[in-house]
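A short worksheet on the structure shown next.
To find a chain, count down the sequence lines: A is the first, B the second, and so on, and within it residues start at 1.
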2 protein chains.
Amino acid sequence: MVAATQDSQALSVERIIDAALTIADRDGIEAVTMRAVGTSLGTAAMSLYRHVPSKDALLELMADRALAELPHPDPAGDWREQIHGFFLAFHDLLLLHPAVARTMVEMTLAGPELSVRGENVLTCLLAGGLDEATAAQAITALTWQTVGGALYALARLNPAHEDRSIRLRTLPKEQFPSVYRVAPFLEEDASRDHFSGALRHLIHGYEPAA
Amino acid sequence: MVAATQDSQALSVERIIDAALTIADRDGIEAVTMRAVGTSLGTAAMSLYRHVPSKDALLELMADRALAELPHPDPAGDWREQIHGFFLAFHDLLLLHPAVARTMVEMTLAGPELSVRGENVLTCLLAGGLDEATAAQAITALTWQTVGGALYALARLNPAHEDRSIRLRTLPKEQFPSVYRVAPFLEEDASRDHFSGALRHLIHGYEPAA
DNA sequence: ACCTGAACACCGTTCAAGT
DNA sequence: ACCTGAACACCGTTCAAGT
């Protein structure tokens with residue numbers, strides 16, 4: 001009649017995805033092991049396999065769940081602004097859920113949440129006057145720019161990055177004059193504004209010739 | 001004068017890198033284990049640790065070795081052509097060495113081979129009239145576009161990709177009209193020309209205002 | 001019928017014992 | 001001084017035995 005404890009609550013795909021995302025956001029994607037997810041739900045690791053076929057499938061489900069927080073670009077608005085806003089939000093979301101960025105490069109995602117946004121993005125691009133071939137190319141380019149930019153920002157956030165800055169400064173100044181001229185901008189925090197600017201350049205590159 | 005031993009038994013960092021790259025190119029990055037590399041050289045896995053501090057370090061060394069095949073962009077030539085040619089060659093190289101593409105997103109690479117090309121790329125961009133901040137942004141954007149594009153092409157080459165095409169066609173046609181309009185271009189082989197075109201758009205986006 | 005402990009076939013890396 | 005087998009602390013996943 002009365003459930004013994006909250007931990008003994010029925011297992012479900014939803015609860016498994018939630019638990020895995022919590023671990024990933026807190027301790028990183030490498031902390032997401034079937035044993036750890038099981039333990040956090042008070043069950044054996046093997047019980048998860050009744051609801052999820054494999055760890056890879058779980059990673060995809062986690063990504064699609066996180067992607068559900070993305071806004072929907074509005075084809076009625078100015079296409080440049082809609083595209084810019086959407087991919088900036090995408091970038092922000094990947095920084096919040098580093099595990100999703102990693103999953104996106106490991107697997108080719110095509111979950112329901114991403115599909116719906118894809119439809120809207122393509123509608124915006126077509127409404128902006130891009131032909132079908134160019135729109136296909138643009139959505140790919142924008143996505144990789146976003147995932148790449150997020151991975152780059154994430155790499156700079158972790159401690160191991162210090163090594164890289166140090167290595168940059170050990171390059172002989174005479175042989176690397178351009179690196180030294182640009183270094184202050186390469187070393188500055190990979191900020192939201194930085195990515196936002198790159199995004200505007202990319203969108204500008206796809207502007208149909210007037 | 002000590003004879004340079006062509007002796008196949010003499011272990012060295014160079015031979016370890018070569019053996020690891022051979023395995024990676026033939027069987028994929030997941031086949032690169034310390035045990036496998038050791039076996040292919042006729043030694044125990046543990047012997048490798050005398051020449052290489054860790055597996056991660058080996059992966060970085062492998063990437064830098066492969067990157068040595070890259071051309072050097074020429075700051076004296078037209079900057080658009082030089083940049084385009086260099087990143088297209090970069091793309092080709094990543095398709096030849098899939099392991100390198102993976103390593104580039106896992107770690108922040110800054111080996112000697114990449115540093116030299118970075119200097120030349122930046123010199124081209126500065127010569128093209130980009131200011132320091134924009135040049136820093138552009139080299140990052142171009143790199144991620146290239147790595148992302150290569151990973152995307154590689155993902156389409158492996159068998160698991162079929163699932164994705166199938167999933168795309170199961171979307172309800174009425175709710176995904178734009179996806180269906182663009183689908184033929186999304187599904188066509190991610191060819192060299194496809195990437196080349198995206199690269200031109202990106203470079204065009206960074207063209208200084210006349 | 002559902003759950004799970006033990007086990008399997010792997011990893012990277014440590015360490016002490018081998019030559 | 002060099003090398004390496006065994007071992008440690010992990011993985012994802014299978015499977016048969018438990019309830």
Checklist outcome for this item: Contacts satisfying side chain to side chain donor-acceptor pair (under 3.5 Å) that involve residues 24-38 of chain A (not counting sequence neighbours) are Asp25(A)-His97(A)
Next on the checklist: Enumerate the side chain to side chain donor-acceptor pair (under 3.5 Å) contacts for residues 175-185 of chain B, please, sequence neighbours excluded, ordered by first and then second residue.
Outcome noted: Glu119(A)-Ser178(B), Thr123(A)-Ser178(B), Glu132(A)-Arg181(B)
Next on the checklist: Would you say Ser47(A) places a side-chain N or O within less than 4.0 Å of OP1 or OP2 belonging to dC3(C)?
Outcome noted: no
Item to check | Sequence-distant partners of Ala57(A), side-chain contact (heavy atoms from CB on, under 4.5 Å), two or more places apart | outcome: Pro53(A), Ser54(A)
Kindly write out the residues that satisfy side-chain hydrogen bond (donor to acceptor under 3.5 Å, both in side chains) with [X], not counting sequence neighbours, or none if the list is empty.
X: Asp74(B); result: none
X: Asp18(B); result: Arg65(B)
X: Glu69(A); result: none
X: Asp131(A); result: Thr134(A)

Checklist outcome for this item: Parsed dot-bracket for DNA chain D after applying the Watson-Crick and G-U rules with both distances under 3.5 Å and | for other-strand partners is ||.|||||...|||||.||
Considering only nitrogen or oxygen atoms on both sides, find all protein atoms under 3.5 Å from nucleotides 17-19 of chain D and state each distance.
none

Checklist outcome for this item: Those residues at least two apart in sequence (or on a different chain) that pass salt bridge (charged side-chain N to carboxylate O under 4.0 Å, His left out) with Arg80(B) are Asp78(B), Glu207(B)
Item to check | Partners passing ring pair (Phe, Tyr, Trp, His ring centres under 6.0 Å) against Phe87(A) (at least two apart in sequence or in another chain) | outcome: none
Detail all sub-3.5 Å separations between protein N/O atoms and N/O atoms belonging to nucleotides 9-13 of chain D.
{"from": "dG12(D)", "atom 1": "OP1", "to": "Lys55(A)", "atom 2": "NZ", "distance (Å)": "2.7"}
{"from": "dG12(D)", "atom 1": "OP2", "to": "Met34(A)", "atom 2": "N", "distance (Å)": "3.2"}
{"from": "dG12(D)", "atom 1": "N7", "to": "Arg35(A)", "atom 2": "NH1", "distance (Å)": "2.8"}
{"from": "dG12(D)", "atom 1": "O6", "to": "Arg35(A)", "atom 2": "NH2", "distance (Å)": "3.0"}
{"from": "dT13(D)", "atom 1": "OP2", "to": "Tyr49(A)", "atom 2": "OH", "distance (Å)": "2.6"}
{"from": "dT13(D)", "atom 1": "OP2", "to": "Lys55(A)", "atom 2": "N", "distance (Å)": "3.0"}
{"from": "dT13(D)", "atom 1": "O5'", "to": "Tyr49(A)", "atom 2": "OH", "distance (Å)": "3.4"}

Checklist entry - Lys55(B) and Glu60(B): salt bridge (Lys or Arg N to Asp or Glu O under 4.0 Å), yes or no, with the steps? => result CA-CA 9 Å; Lys55(B) 186 188 177 180; Glu60(B) 286 198 36; over 6 Å; no
